[in-house]
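Please read the structure below before turning to the comments.
As the structure is a computational prediction, the values presented were derived from the model and not from experiment.
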Amino acid sequence: QVQLLESGGDSVETGGSLRLSCAVSGNTDHNRCVGWFRQAPGKEREAVAARSTPGDSANYATSVKGRFTISQDYAGDNVYLQLNDLKSEDTAMYYCAATRGYGGGRCSMVTWAYIYWGQGTQVAVSS
C-alpha cells in the first residue's frame, strides 16, 4: 500500500504561482510512476504531469507544458508540482496518484493506470 497526501493548494490571481506537494509514504520500495491530475467542476479528471520515481522521465499535458514542472526530492518521498503563470482554466482540485510499479519508458497519462490516489488539494485562480 502507498499513501499520498497533497498540500499547497490556494487561491491566487491570474499569472501567479503555486507549489503543490505530494508526500508519498507506505510501501515505497518499488519504482513507480507518480502523476498529478486535476478535476474541475463538471469536467472529467485529466492528467497534468507524470514522472517515474526514481528517474528523470516526465510527461506533461499540452495545456500546461512550459508552465508546470513536476519534480521530486532525492529520496522520492515527496513529489512536487510547480505551477507558474496560472490561468483561470487551471482552477481545479489537484490530485496526486501513483502506479503499482514501473516498467520503463514514459509514464502513463491516463487515470486508470494509477491505483493509489490522494484526497486532493484545491487550486483557485481568479482574475
Side-chain angles (χ1 to χ4, degrees):
Q1 280 287 64
V2 174
Q3 292 80 45
L4 305 167
L5 181 62
E6 305 94 334
S7 61
D10 204 346
S11 297
V12 297
E13 293 185 347
T14 301
S17 298
L18 283 173
R19 189 193 197 203
L20 306 184
S21 298
C22 174
V24 184
S25 61
N27 182 4
T28 58
D29 291 343
H30 302 293
N31 295 354
R32 64 183 81 248
C33 291
V34 177
W36 283 96
F37 294 76
R38 66 185 182 186
Q39 188 166 19
K43 294 189 176 181
E44 293 188 357
R45 191 168 298 189
E46 63 176 359
V48 175
R51 66 170 294 142
S52 56
T53 175
D56 296 323
S57 173
N59 294 343
Y60 295 93
T62 301
S63 60
V64 306
K65 197 171 293 184
R67 299 189 298 123
F68 292 7
T69 303
I70 187 171
S71 63
Q72 65 183 49
D73 62 10
Y74 178 79
D77 294 335
N78 293 281
V79 179
Y80 307 101
L81 186 68
Q82 179 67 39
L83 292 69
N84 295 330
D85 190 22
L86 281 161
K87 306 176 181 181
S88 58
E89 51 263 42
D90 295 319
T91 295
M93 184 71 78
Y94 282 71
Y95 299 90
C96 179
T99 59
R100 189 187 306 277
Y102 172 60
R106 301 176 73 83
C107 286
S108 175
M109 296 284 277
V110 295
T111 57
W112 54 258
Y114 292 77
I115 64 169
Y116 303 109
W117 290 84
Q119 294 301 306
T121 186
Q122 181 69 43
V123 172
V125 185
S126 60
S127 56

[X] side chain near [Y] side chain, heavy-atom distance below 4.5 Å:
X	Y	value
Asp77	Val24	no
Tyr102	Thr53	no
Tyr94	Cys22	no
Arg67	Asp90	yes
Val123	Leu20	yes
Phe68	Leu86	yes
Arg32	Val2	yes

Pairwise distance [atom1]([X]) to [atom2]([Y]) - rounded to 0.5 angstrom:
X	Y	atom1	atom2	result
Asp10	Leu18	CG	CG	6.0 Å
Tyr80	Gln72	OH	CD	9.5 Å
Trp36	Tyr60	CH2	OH	12.5 Å
Gln1	Ile115	CD	CD1	7.5 Å
Leu81	Cys96	CG	SG	9.5 Å
Ser11	Gln122	OG	CD	7.5 Å

Does any N or O in the side chain of [X] come within less than 3.5 Å of the main-chain N or O of [Y], such that one atom is a donor and the other an acceptor?
X	Y	value
Arg45	Gln39	no
Glu6	Ser21	no
Thr14	Ser126	yes
Gln82	Thr69	no
Thr91	Val125	yes

hydrophobic_cluster_shared for Leu83 and Val79, side chain cutoff 4.5 Å: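 Same cluster: Val79 reaches Leu83 through Ile, Leu, Val, Met, Phe, Trp or Tyr contacts under 4.5 Å.
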In one Ile/Leu/Val/Met/Phe/Trp/Tyr side-chain cluster, 4.5 Å: Met93, Tyr114: yes
So which heavy atom on [X] is nearest to which on [Y], and how close?
X	Y	answer
Ser108	Ala50	O-CB, 3.8 Å
Ser63	Arg38	OG-NH2, 3.5 Å
Gly105	Ser57	O-OG, 3.7 Å
Gly9	Thr121	N-OG1, 2.9 Å

Candidate pair Val12 and Ser17, rule side chain to side chain contact (heavy atoms under 4.5 Å, CB included), full reasoning: CA-CA 7 Å; Val12 297; Ser17 298; over 6 Å; no
Aromatic plane relationship, Trp117 with Phe37 - under 30° parallel, 30 to 60° tilted, over 60° perpendicular: tilted
Atom CD of Glu89 with >12 non-hydrogen neighbours under 6.0 angstrom: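 Yes, CD of Glu89 has more than 12 neighbouring heavy atoms, counting only those of other groups under 6.0 Å.
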